[in-house]
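Data block below; observations after.
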Amino acid sequence: MDSFQGHLLIAGSSLLDPNFHHAVVLIGHHDEEGAVGVVLNRRSEVEVADAAPPLAGLVEPGERLFIGGPVQSEAAVVLADLEHPDRAKVIAFGSIGFLPEETGTEELGEIRRARVFAGYAGWGPGQLEGELDEGSWIVEPALPADVFTDDPESLWGAVLRRKGPRFALLASMPLDPSMN
């Protein structure tokens, strides 16, 4: 089995589930038991300082909370670029990983940048592979700029265009096909 840890799942045009329509998901863990990741391009209107005050010091003032996925939407998930990635709970790729729930920042070392998500996306054994076989997702290696983009609303199209001309038409599709 190929692991898609550290890859992006880009929602294909046939994926109409409102939780994942035009979503870009970073896979943080993937093995025979399933997969876990966060949706990178669903920024909420709520600031981290209001939604999760203890985590506000990890992000820039005014940074908004992201909707990481439909699983445990009341739980906070922190994705960070770490000076010492070996101290993360799960490394997605390079120096980017998920912070442990109960670890103080002094134990983690320098956090270069962080993003806070409400909930996450998860797949059971074989579920993601089945969705990939159906064409629901397009896979692309993740880049640090994808994780911490300043324009998450444009990430879906930007990552598709990066895949080359074959995906350029799909990238130009509007969120609402009736607007075409």
Side-chain angles (χ1 to χ4, degrees), residues 4-11 17-30 35-122 137-163 171 174-175:
F4 292 109
Q5 181 172 340
H7 284 75
L8 300 175
L9 299 180
I10 309 150
D17 178 332
N19 292 303
F20 298 110
H21 186 64
H22 278 213
V24 178
V25 180
L26 172 65
I27 297 298
H29 178 79
H30 180 217
V36 176
V38 290
V39 177
L40 297 176
N41 61 331
R42 296 277 196 273
R43 184 167 35 190
S44 78
E45 295 299 319
V46 179
E47 290 186 11
V48 172
D50 295 331
L55 301 175
L58 297 174
V59 298
E60 295 293 321
E63 177 94 14
R64 293 192 294 185
L65 182 71
F66 280 70
I67 307 303
V71 181
Q72 292 188 357
S73 58
E74 70 288 344
V77 176
V78 181
L79 188 59
D81 183 4
L82 300 159
E83 179 181 16
H84 301 289
D86 56 315
R87 297 179 186 172
K89 181 177 181 180
V90 173
I91 297 297
F93 67 100
S95 61
I96 299 190
F98 293 88
L99 300 187
E101 292 176 36
E102 300 297 324
T103 303
T105 55
E106 63 281 346
E107 298 168 37
L108 294 169
E110 181 186 348
I111 296 174
R112 296 181 189 113
R113 187 153 184 202
R115 190 152 275 172
V116 180
F117 298 84
Y120 61 92
W137 299 103
I138 300 159
V139 180
E140 174 74 1
L143 301 174
D146 300 328
V147 176
F148 298 109
T149 179
D150 292 328
D151 187 11
E153 292 78 14
S154 299
L155 185 61
W156 184 79
V159 176
L160 281 172
R161 283 188 288 283
R162 184 168 82 212
K163 290 192 66 64
L175 191 55

Non-hydrogen side-chain atoms of Leu26 and Leu79 separated by less than 4.5 Å
yes

Salt bridge (charged side-chain N to carboxylate O under 4.0 Å, His left out) with Asp150: which of Arg113, Arg43, Arg64?
Arg113

Nearest heavy-atom pair of Val25 and Ala121: which atoms, and what distance?
CG1-CB, 4.4 Å

Heavy-atom nearest pair, Ala114 first then Val78, reads CB-CG1, 4.1 Å

Is it the case that the side chain of Arg42 and the backbone of Phe66 share a donor-acceptor pair, with hydrogens and angles ignored and the cut-off at 3.5 Å?
no

Using the side chain to side chain contact (heavy atoms under 4.5 Å, CB included) rule, take Leu9 and Phe20 through it: C-alpha gap first, then chi angles, then the decisive distance, then the call.
CA-CA 10 Å; Leu9 299 180; Phe20 298 110; over 6 Å; no

Please check if the side chain of Ser95 supplies one atom and the backbone of Asp81 the other of a donor-acceptor pair under 3.5 Å.
no

Shortest non-hydrogen contact between Ile27 and Ala92, atoms and distance:
O-CB, 4.3 Å

Which residues satisfy the side-chain contact (heavy atoms from CB on, under 4.5 Å) test with Ser154, sequence neighbours excluded?
Asp151

Would you find a donor on one side and an acceptor on the other, under 3.5 Å apart, between the side chain of Trp156 and the backbone of Val24?
no

d(Leu82 CG, Glu110 CD) to nearest 0.5 Å is 9.5 Å

Quick check for you: to the nearest 0.5 Å, what is the distance between Phe148 atom CZ and Leu40 atom CG?
9.0 Å

With a 4.5 Å cut-off on side-chain heavy atoms, are Phe93 and Pro141 touching?
no

One should read off an interatomic distance between Leu99 CG and Ile111 CD1, to the nearest 0.5 angstrom, of 5.0 Å

CG-CG distance between Asp50 and Leu65, expressed to the nearest 0.5 angstrom
10.0 Å

Shortest non-hydrogen pair, Ala49 vs Ala56, comes out as CA-CB, 3.7 Å

Roughly how far apart are Gln5 CD and His30 NE2, rounded to 0.5 Å?
10.0 Å

Report the distance from atom CZ of Phe117 to atom OG of Ser73, rounding to the nearest 0.5 Å.
14.5 Å

For the ring pair Trp137 and Phe4, is the centre-to-centre distance below 6.0 Å?
no

For Val139, does its backbone N or O pair with a side-chain atom of Lys163 as donor and acceptor, under 3.5 Å?
yes

Is the shortest side-chain heavy-atom distance between Glu83 and Arg112 below 4.5 Å?
yes

Side-chain touch Leu143/Arg162, heavy atoms, less than 4.5 angstrom
yes

With heavy-atom distances below 4.5 Å as the criterion, would you say the side chains of Tyr120 and Pro70 are in contact?
no

Would you sort out whether Asp146 and Arg115 count as a salt bridge (charged side-chain N to carboxylate O under 4.0 Å, His left out), showing the intermediate values?
CA-CA 12 Å; Asp146 300 328; Arg115 190 152 275 172; over 6 Å; no

When you measure from the side chain of Asn41 to the backbone N and O of His22, does any donor-acceptor pair fall under 3.5 Å?
yes

Closest non-hydrogen contact found for Val46 with Ala51 is CG1-CB, 3.7 Å

Minimal non-hydrogen separation, Val39 against Asn19, with atom names
CG2-O, 4.5 Å

